[in-house]
Amino acid sequence: MQSSPPLRVYKFGGASVKDAAAIKNLQQILGQNPDGQPLLVVVSAMGKTTNALEHIFHLAHSGQDYAAPLAELRRFHLEVARGLLPAAPLDADGVPACGEGSGALPHLLQELGDRLATLAKGEYDRQYDQVVSFGELLATCIVAAAVGARWLDVRPLIRTDHSWREGRVDWATTERNLREQVPPLLAQGVVLTQGFLGGTASGQTTTLGREGSDYTAAILAYCLGAESVTIWKDVAGLLNADPKIFPDTVRYPEISYQETIEMAYYGASVIHPKTIKPLAVRRIPLLVKSFVDPAAEGTRIHDCKHGLLAPAFIRKTEQCLVSFESKDLTFISEENLEVIFGTLAQVRLKINLMQNSAISFSVCTDWHEYRLRKLLEQLREQFTIYYNTGLELYTIKNYTAEAISQLTEGRELLLEQRTRQTFQFVARALGDK
Ligand code: ASP
Ligand code: MG
């Protein structure tokens with residue numbers, strides 16, 4: 001349907017807009033986009049701003065003093081804005097003129113302050129979204145002005161339901177909104193908008209889940225029929241392990257959607273897990289590139305078949321292993337499992353790994369003390385229950401014998417499991433061996 005050149009979507013996360021120098025680097029990357037190729041840029045909150053806003057919100061909601069962290073957040077944004085826009089006139093409060101109307105910097109700062117000052121009791125999650133969303137609003141206001149892009153408020157376009165903090169997208173409405181409103185703007189130059197945010201039919205702000213800006217880029221690309229999405233990161237592409245945890249990582253030059261989804265499922269913190277599906281459905285390639293070295297190849301996630309992939313190493317920390325034994329030494333039956341699964345779902349403990357034997361059944365879950373206590377209360381009569389905490393769950397995808405011995409050496413494995421492609425084990429965290 002598009003007669004103009006195909007659209008590219010770029011996504012920049014917190015690290016790529018963490019200060020004025022990072023934003024200048026972003027501007028250079030945008031400058032390398034060929035003339036006349038439409039470009040839609042998604043930006044998330046600067047640096048650790050979302051964490052700071054969560055903290056401020058929590059203080060405000062619980063009636064505590066939040067003045068100092070709010071002042072710091074304001075100071076930080078103003079410093080970056082002044083650094084990037086030295087010629088912008090300052091208002092009486094020292095805020096540079098930046099952005100327009102409801103998206104102008106002075107207006108956003110004022111609105112954030114007002115919202116915090118008037119929080120109601122209760123409705124924690126709904127009010128969280130109204131406040132924490134300011135990270136993206138402030139960042140995009142400053143970055144758009146600095147790079148000369150058009151600022152777009154994404155909230156009236158990405159329609160979600162009222163699932164606060166994890167808005168579920170109404171795809172039909174979102175697609176209609178985006179197709180109507182975005183192409184005319186793209187025809188005039190680079191458009192820059194917020195990741196992580198959406199809005200309800202009644203105009204309230206929602207968020208899409210922490211680290212959700214990748215997902216935003218995928219939503220926009222899907223609805224607008226983009227040619228590709230590029231996620232700019234501080235690493236060289238999609239790696240087989242987190243370099244902060246594992247030495248000697250390798251980069252995958254290309255990898256399939258399926259493999260990437262599985263890695264995200266096992267806990268690799270590479271890309272927000274919801275990102276891949278919309279792209280896979282419309283076969284839009286996802287490029288992961290380094291903003292430090294934009295000319296380097298990076299990783300192409302697309303519809304591809306590959307031979308043997310380098311093993312991927314994934315670690316989930318703060319795990320808990322719970323084992324159930326039937327009290328009367330009967331076998332673990334379907335009836336027993338039904339009760340266990342039902343209770344796990346009810347207390348919202350997600351199973352990361354499970355295994356059963358004749359009289360016992362074990363699950364590895366994320367450690368949530370309160371949820372576990374509820375589980376114990378409900379099942380203690382029927383089962384003898386043991387649990388260990390302070391554990392780690394390791395997954396090696398596309399394992400080799402060498403990869404297994406490298407990772408398991410010197411460890412006591414509490415549980416292990418292997419399928420044709422995947423080897424997983426639960427072990428005590430090193431350090432408290
Ligand atoms: N700023 C949000 C967060 O830190 C969304 C994102 O970064 O993708 O969770
Ligand atoms: Mg972030």
Side-chain angles (χ1 to χ4, degrees), residues 9-19 22-23 25-26 40-58 69-70 72-74 76-77 80 103 108 112 115 124-144 151-155 157-158 160 163-169 192-199 205-222 229-235 238 242 244 260 264 267-279 286-291 301:
V9 176
Y10 281 1
K11 180 258 166 170
F12 291 92
S16 56
V17 290
K18 71 176 197 302
D19 54 26
I23 296 169
N25 181 56
L26 176 158
L40 179 54
V41 181
V42 176
V43 170
S44 55
M46 289 163 53
K48 301 272 176 245
T49 299
T50 305
N51 292 351
L53 278 166
E54 278 189 345
H55 178 59
I56 293 168
F57 172 71
H58 180 77
L70 179 62
E72 172 51 27
L73 185 114
R74 181 186 162 92
F76 168 65
H77 283 83
V80 175
L108 291 173
L112 172 60
R115 282 192 184 269
Y124 190 92
D125 289 343
R126 187 186 68 77
Q127 300 193 78
Y128 169 105
D129 280 356
Q130 312 316 305
V131 168
V132 172
S133 49
F134 274 85
E136 272 66 16
L137 294 169
L138 291 167
T140 51
C141 167
I142 294 168
V143 177
W151 183 82
L152 175 68
D153 188 344
V154 86
R155 295 172 296 172
L157 301 173
I158 297 188
T160 73
S163 306
W164 311 112
R165 301 179 69 173
E166 199 153 357
R168 275 191 298 245
V169 174
L192 191 141
T193 196
Q194 307 79 40
F196 183 50
L197 311 187
T205 303
T206 49
T207 61
L208 305 176
R210 286 302 307 268
E211 306 302 331
S213 299
D214 295 345
Y215 184 39
T216 304
I219 296 167
L220 298 173
Y222 172 95
V229 172
T230 308
I231 295 185
W232 296 93
K233 289 179 82 85
D234 56 0
V235 287
L238 196 65
D242 181 344
K244 289 187 208 103
T260 315
S269 60
V270 276
I271 285 160
H272 190 277
K274 285 185 181 170
T275 309
I276 303 296
K277 189 175 160 203
L279 298 178
L286 173 60
L287 315 174
V288 182
K289 287 174 72 88
S290 159
F291 61 73
I301 301 165

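Atoms within each ligand, like the ligands themselves, are counted from 1 in listed order. Only heavy atoms go into these numbers, but all of them, side chains included; no hydrogens, no water, no symmetry mates.
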Option among Thr206, Leu208, Asp125 that satisfies the side chain to side chain contact (heavy atoms under 4.5 Å, CB included) test with Arg165: Asp125
If you take the nearest heavy atom of each of Ala217, Gly13, Ser213, Ser133, which one is closest to atom 8 (O) of ligand 1? Ser213
Arg210 N/O to ligand 1 N/O under 3.5 Å: yes
Over 60° means perpendicular and under 30° means parallel, so classify the ring planes of His272 and Tyr215, tilted if in between. parallel
Sorted by chain and residue number, the side-chain contact (heavy atoms from CB on, under 4.5 Å) partners of Thr49 (sequence neighbours excluded) come out as Ala45, Met46, Leu53, Leu73, Phe76, His77
Heteroatom proximity flag, Glu211 to ligand 1, N/O under 3.5 Å: yes
Listed by chain and number, what are the salt bridge (charged side-chain N to carboxylate O under 4.0 Å, His left out) partners of Asp153, not counting sequence neighbours? Arg155
I'd like to check which ligand 1 atoms, numbered from 1 as shown, lie under 4.0 Å from a non-hydrogen atom of Thr50. 1 (N), 2 (C), 3 (C), 4 (O)
Could you tell me whether ligand 1 has any atom less than 4.0 Å away from a heavy atom of Glu136? yes
Would you call the rings of Trp232 and Phe12 parallel, tilted or perpendicular, taking 30° and 60° as the class edges? parallel
Distance-only N or O hit between ligand 1 and Gly212, under 3.5 Å: yes
Sub-4.0 Å atoms of ligand 1 with respect to non-hydrogen atoms of Phe196: 2 (C), 5 (C)
Decide whether the shortest distance between a heavy atom of Gly135 and an atom of ligand 1 is less than 4.0 Å. no
So, Thr205 and Asp129: side-chain donor and acceptor under 3.5 Å apart, yes or no? no
